[in-house]
Amino acid sequence: MRDAYHEELDSIGEGLVEMARLVGSAIGRATTAILDADLKLAESVIAADDKVDDLQHELEARAIALLARQQPVATDLRIVVTSLRMSADLERSGDLAQHVAKLARLRFPERAVPQDLHATILEMGQLAQRLMAKAAEVVITKDVDLALQLEQDDDAMDLLHRTLFQHLLDDRWEHGIETAVDVTLLGRYYERFADHAVSVAKRVVYLVTGEYADEIQQDIQPVTGVEGA
């Protein structure tokens, strides 16, 4: 019985990794769809979000069943409760990728992103995908140092987000109000996606240590970029 219990805990972790990989792929494909006005790709991202939702519901059911049957304590309880919270973060990440794809669909056959912002949105999409890949790695390895590093990596997304607003506030902006609203929304979607990746990593810190990431003081050297997945 005990072996089956730990196998079920392991399967919940595997489900979280699968969710992270799915939403990471989704944000990458949604970025391509928004930049290339690719309706078929946008529709595939929108439809694929159902699988993320289904996985979350399945993980929630497993976690609640474990709580009811096993009444876990200490580390095991942290695993179950933290897994529930991580699944919620990942589900919201999937929704954000879907929002990007829906905007691509809404503006089709036009492109929602002006050419002069193409590179910035592309970089935001690639960074979001890499951050989620690193979050998945943290879930697998339970590496606290790597988890804490994600918040520093997220600074790059915040910088890109500010860059978008600098363009929007520039007197030379010539793309109209509708496009300004689209770009504002896109910036928010990517910024929130990155925040959820960081949140997943922080929850792993709590799972491993029993302490909140913000309370842990560790000497982590600043990083200049995010490693590729």
Side-chain angles (χ1 to χ4, degrees), residues 16-31 34 45 49 52-53 55-56 59 81-103 117 120-140 142-166 168 181-209 211-216 218 220 222-229:
L16 291 170
V17 172
E18 184 178 359
M19 285 185 73
R21 288 173 173 166
L22 285 172
V23 300
S25 172
I27 198 66
R29 291 183 295 118
T31 301
I34 197 78
V45 173
D49 189 56
V52 175
D53 294 341
L55 269 172
Q56 188 204 14
L59 288 175
V81 173
T82 303
S83 295
L84 284 168
R85 292 172 176 169
M86 284 193 284
S87 73
D89 277 316
L90 294 168
E91 188 274 333
R92 293 187 194 107
S93 299
D95 288 345
L96 290 163
Q98 188 184 57
H99 292 338
V100 174
K102 284 183 175 180
L103 184 55
L117 289 178
T120 302
I121 294 297
L122 176 61
E123 190 173 355
M124 292 181 86
Q126 291 174 340
L127 179 56
Q129 190 170 8
R130 292 197 299 270
L131 283 166
M132 190 56 73
K134 185 174 280 191
E137 184 181 353
V138 167
V139 174
I140 294 169
K142 307 296 187 294
D143 186 328
V144 171
D145 287 342
L146 184 62
L148 293 172
Q149 191 184 93
L150 249 79
E151 190 162 14
Q152 297 177 34
D153 295 339
D154 182 49
D155 289 344
M157 183 66 81
D158 294 336
L159 179 59
L160 288 167
H161 196 204
R162 288 194 294 272
T163 298
L164 281 184
F165 276 97
Q166 289 170 359
L168 291 170
V181 172
D182 289 346
V183 170
T184 300
L185 289 172
L186 281 173
R188 181 61 173 164
Y189 296 154
Y190 287 115
E191 188 263 341
R192 289 299 297 146
F193 188 98
D195 285 347
H196 284 303
V198 172
S199 180
V200 168
K202 284 184 172 182
R203 296 191 195 283
V204 173
V205 173
Y206 176 72
L207 187 157
V208 173
T209 67
E211 298 180 73
Y212 293 106
D214 294 341
E215 297 172 353
I216 296 177
Q218 293 202 20
I220 300 177
V223 293
T224 56
V226 182
E227 295 178 0

Which heavy-atom pair separates [X] from [Y] by the least distance, and what is that distance?
X	Y	result
Met157	Ala194	CG-CB, 3.8 Å
Thr82	Arg203	CG2-O, 3.3 Å
Val200	Ala135	CG1-CB, 4.3 Å
Leu150	Ala201	CD2-CB, 3.8 Å
Glu91	Met19	N-CE, 3.8 Å
Gly187	Leu164	CA-CD1, 3.6 Å

If you round to the nearest 0.5 Å, how far is [atom2] of [Y] from [atom1] of [X]?
X	Y	atom1	atom2	answer
Gln56	Leu90	CD	CG	8.5 Å
Tyr189	Leu103	OH	CG	6.5 Å
Tyr190	Ile34	OH	CD1	7.0 Å
Thr31	Ile121	OG1	CD1	8.0 Å
Lys202	Glu151	NZ	CD	4.0 Å
Met132	His196	CE	NE2	8.5 Å

Are the charged groups of Asp95 and Arg92 less than 4.0 angstrom apart, N to O?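 Between Arg92 and Asp95 there is no salt bridge, as every charged N stays at least 4.0 Å from the carboxylate O atoms.
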Run the salt-bridge test on Arg21 and Glu18 with the 4.0 Å N-O cut-off and return the result as yes or no.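 A salt bridge is absent here (no side-chain N lies under 4.0 Å from a carboxylate O).
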State, with a plain yes or no, whether a side-chain heavy atom of [X] is found less than 4.5 Å away from one of [Y].
X	Y	result
Leu59	Ser83	no
Asp153	Arg130	no
Leu207	Lys142	yes
Leu96	Ile27	no
Glu137	Asp143	no

Judged by atom type as modelled, is there a donor-acceptor pair below 3.5 Å linking the side chain of Ser25 to the main-chain atoms of Leu22?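 A pair under 3.5 Å: no.
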Okay, side chain of Ser93, backbone of Asp89: is any donor-acceptor separation there less than 3.5 Å?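 Looks like yes, one N/O pair under 3.5 Å.
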Can you establish whether the number of heavy atoms outside Arg85 located under 6.0 Å from its atom CZ is more than 12?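 Not more than 12 within 6.0 Å, no.
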Give the intermediate values and the outcome of side-chain contact (heavy atoms from CB on, under 4.5 Å) for residues Val144 and Leu148. CA-CA 6 Å; Val144 171; Leu148 293 172; 3.9 Å; yes
